[in-house]
Amino acid sequence: MSEARTENVIIIGSGPAGYTAALYTSRADLEPFVAEGFLWGGLLQQTTDVENYPGFPDGIMGPEMMQKFREQAERFGTRFVTEDVTKVELSQNGGVHRVWIGDEEHRARAVILAMGAEPKKLGVPGEEELAARGVSYCATCDAAFFRGKQTIVVGGGDTAMEDAIFLSKFAEKVTIVHRRDDFRASQIMLDRARAAENIELLTPYVVERFEDSGVGQLGHAILRNAETGEEKTLELDGAFVAIGHRPNSHLVDGQIELDENGYVLTDGNSTRTKVPGVFAAGDLVDHTYRQAVTAAGSGCQAALDAEWFLRDTPPDAEREWEPDPDKVAAAAERAAAQAAQS
C-alpha cells in the first residue's frame with residue numbers, strides 16, 4: 001500500500017469555526033482537507049432562524065447559513081469528506097500528525113481541532129421532538145422569539161441564572177426550575193435573578209416530560225417534585241435547558257491538555273495548544289460565549305496560527321510521531337467508558 005499523502009493542514013469538524021478555518025487556509029493556498037463529519041455544519045444545522053449574525057439583517061436559517069459557509073470555503077479549494085474521524089495520533093515532538101477516517105489514514109503537518117461542544121440534555125420525553133420548536137439550549141440565541149411569552153429555564157448554576165436574566169428582558173414570565181432548594185450559582189447571580197420582577201424560582205422540581213401544544217410547538221412541561229413525587233403542569237411557550245455543555249474532545253483525550261470539564265486548553269490568546277502544529281477553535285475551546293460569530297472568529301485565528309506555523313516550520317524540521325503508551329492506553333480506557341455510558 002502506498003504511503004499516505006501528507007497534507008499541509010487537516011481540519012477536524014465543521015460549523016462556523018471549522019468552515020472559517022477552511023476558508024482562510026484555502027485562500028492561503030494551503031489546500032486544507034476537512035473531515036466535517038456526518039452531522040456537518042455543527043449545532044447551527046439544528047437551529048431555525050439566526051438573527052444575531054452580522055450581515056444578515058433579515059435573519060437566515062441555520063442550515064442555509066452553514067451551507068453558505070461551506071460553499072465559500074469550497075470555492076477556494078477546500079476538500080471535504082463527510083465522514084467522522086475515528087482516531088487521531090498527535091505528534092508530541094513536532095512530527096507529522098495522523099488522522100484516521102474509518103480505516104483510512106491521513107497525515108498532516110498541522111491539525112485544527114474544531115469538533116465543537118454539545119449542550120447537555122435532560123433526556124426526557126418530548127425534548128428531542130420539540131427541539132427548536134419551543135425547547136432551546138441558548139437563551140442568547142433564541143430569547144427574542146419569546147417576547148411576551150411564558151418560559152422556563154432548567155438548571156441551577158450561573159448559566160441558568162444568566163439565561164433567565166437575559167430571557168426576562170423579553171418573556172412575560174421566566175420560571176427557573178431546579179431539582180434542589182439550594183443552587184450552584186454564585187450568590188450575586190442568584191440575587192440578580194431573585195430581584196427580577198418576572199423571574200420565579202421553582203424548587204425542588206424536575207422536568208418529567210415536554211408535551212406538544214397540538215400544532216407542533218411546545219405547549220406544556222410536566223414537572224415532578226423531587227421530594228414528594230407530586231406532579232404539576234406548566235403551560236408555556238419556551239423551555240431553555242441550561243445544565244451545561246460537553247465538549248467533543250474525546251478524540252484527543254490523553255494526547256492534548258484539557259481542563260477539568262474537557263475543553264481544550266490553548267496558549268494565551270492564541271489557538272495554539274501545547275502540541276506543536278495543533279490548534280483548537282470554536283466551542284471546543286470556548287465555555288463562555290458559545291456564539292456562531294465568536295466561533296467563526298476563532299476559526300480565523302486558528303487558520304492564521306496554522307499558516308504561520310507552517311511558514312516557520314520547514315518540512316525537514318519535522319520528526320516522526322512517537323506515541324506515549326501510557327497516554328494512549330488511558331485515552332482508550334476513557335473512550336470505552338464514555339461509549340458504555342452513551
Side-chain angles (χ1 to χ4, degrees), residues 11-23 34-56 59-73 80 82-85 112-123 127-146 153-155 159-160 162-163 166-167 210 218 238-251 261-264 280-300 302 342:
I11 299 168
I12 304 175
S14 48
Y19 289 151
T20 302
L23 171 62
V34 178
E36 60 183 348
F38 286 114
L39 300 177
W40 63 272
L43 292 177
L44 282 180
Q45 285 286 26
Q46 306 167 33
T47 304
T48 52
D49 293 304
V50 178
E51 295 188 332
N52 58 357
Y53 198 93
F56 297 95
I60 186 172
M61 299 294 284
E64 181 186 358
M65 183 179 184
M66 285 300 89
Q67 182 66 40
K68 289 181 178 293
F69 270 51
R70 190 183 190 275
E71 289 173 356
Q72 190 173 5
F80 297 95
T82 310
E83 297 181 44
D84 292 330
V85 170
I112 295 175
L113 305 173
M115 294 91 76
E118 293 288 335
K120 294 180 181 177
K121 299 182 178 180
L122 298 173
E127 182 178 15
E128 292 286 348
E129 295 84 350
L130 293 168
R133 297 181 178 182
V135 176
S136 173
Y137 302 89
C138 180
T140 308
C141 308
D142 297 336
F145 298 120
F146 297 89
V153 172
V154 184
T159 298
E162 290 170 0
D163 281 3
F166 186 82
L167 185 58
F210 294 113
L218 175 65
F240 291 80
V241 179
I243 57 175
H245 284 71
R246 181 181 295 107
N248 297 318
S249 57
H250 58 278
L251 276 173
N261 295 313
Y263 289 90
V264 174
D283 287 2
L284 187 67
V285 176
D286 177 15
H287 50 77
T288 303
Y289 302 104
R290 292 191 296 267
Q291 299 297 302
V293 67
T294 53
S298 68
C300 166
S342 61

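Looking at Phe56 and Val50, their side chains never come closer than 4.5 Å, going by heavy atoms from C-beta outward. At least one side-chain heavy atom of Asp142 sits under 4.5 Å from a side-chain heavy atom of Phe240. Trp40 is listed as a side-chain neighbour of Gln67, based on a closest heavy-atom distance under 4.5 Å. Side-chain atoms of Met65 and Leu44, non-hydrogen and from C-beta on, do get closer than 4.5 Å to each other.
Asn52 places no side-chain N or O within donor-acceptor distance of the main-chain N or O of Cys141, the cut-off being under 3.5 Å. With hydrogens and angles ignored, the 3.5 Å screen pairs no side-chain donor or acceptor of Ser249 with any backbone N or O of Val264. Using modelled atom types, one side-chain atom of Ser298 and one backbone atom of Gly282 make a donor-acceptor pair closer than 3.5 Å.
Within the model, atoms NZ of Lys120 and OG1 of Thr159 stand 10.0 Å from one another, a figure rounded to the nearest 0.5 Å. Annotation: the span from Leu113 atom CG to Leu251 atom CG amounts to 8.5 Å, rounded to 0.5 Å. We find the OH-CG distance between Tyr137 and Leu43 to be 10.5 Å, quoted to the nearest 0.5 Å. Here the CG atom belonging to Leu23 is positioned 12.5 Å from the CD atom belonging to Glu71, to the nearest 0.5 angstrom. If you take NZ on Lys121 and CD on Glu127, they are separated by 6.5 Å, rounding to the nearest 0.5 Å. Rounding to the nearest 0.5 angstrom, the gap separating the OG1 atom in Thr20 from the CD atom in Gln72 is 8.5 Å.
Evaluation of the ring-ring contact (aromatic ring centres under 6.0 Å, His included) rule for Phe166 yields Phe170 as partners, not counting sequence neighbours. Applying the side chain to side chain contact (heavy atoms under 4.5 Å, CB included) rule to Glu129 yields no partners; only residues at least two apart in sequence or on another chain are considered. With sequence neighbours excluded, no residue forms a salt bridge (charged side-chain N to carboxylate O under 4.0 Å, His left out) with Glu64.
Of all the heavy atoms in Ala73 and Ala22, the pair that sits closest is CB-CB, 3.9 Å. Shortest non-hydrogen contact noted between Ala239 and Leu218 is N-CD2, 3.6 Å. Taking both residues in full, the closest heavy atoms of Ser14 and Gly41 are given as OG-N, 2.8 Å, listed atom of the first, atom of the second, then distance. Contact between Phe69 and Pro16 at its shortest, heavy atoms only, is CE2-CA, 3.7 Å. Thr82 and Glu36 get closest at one heavy-atom pair: OG1-OE2, 2.5 Å. Taking both residues in full, the closest heavy atoms of Ala21 and Ile11 are given as C-CD1, 3.7 Å, listed atom of the first, atom of the second, then distance.
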Problem - Verdict with reasoning, Ile60 to Tyr53, per side-chain contact (heavy atoms from CB on, under 4.5 Å) - result: CA-CA 9 Å; Ile60 186 172; Tyr53 198 93; 5.7 Å; no

Practice task
Show your reasoning for whether side-chain contact (heavy atoms from CB on, under 4.5 Å) applies to Thr140 and Gln291.
Solution key: CA-CA 8 Å; Thr140 308; Gln291 299 297 302; 3.8 Å; yes

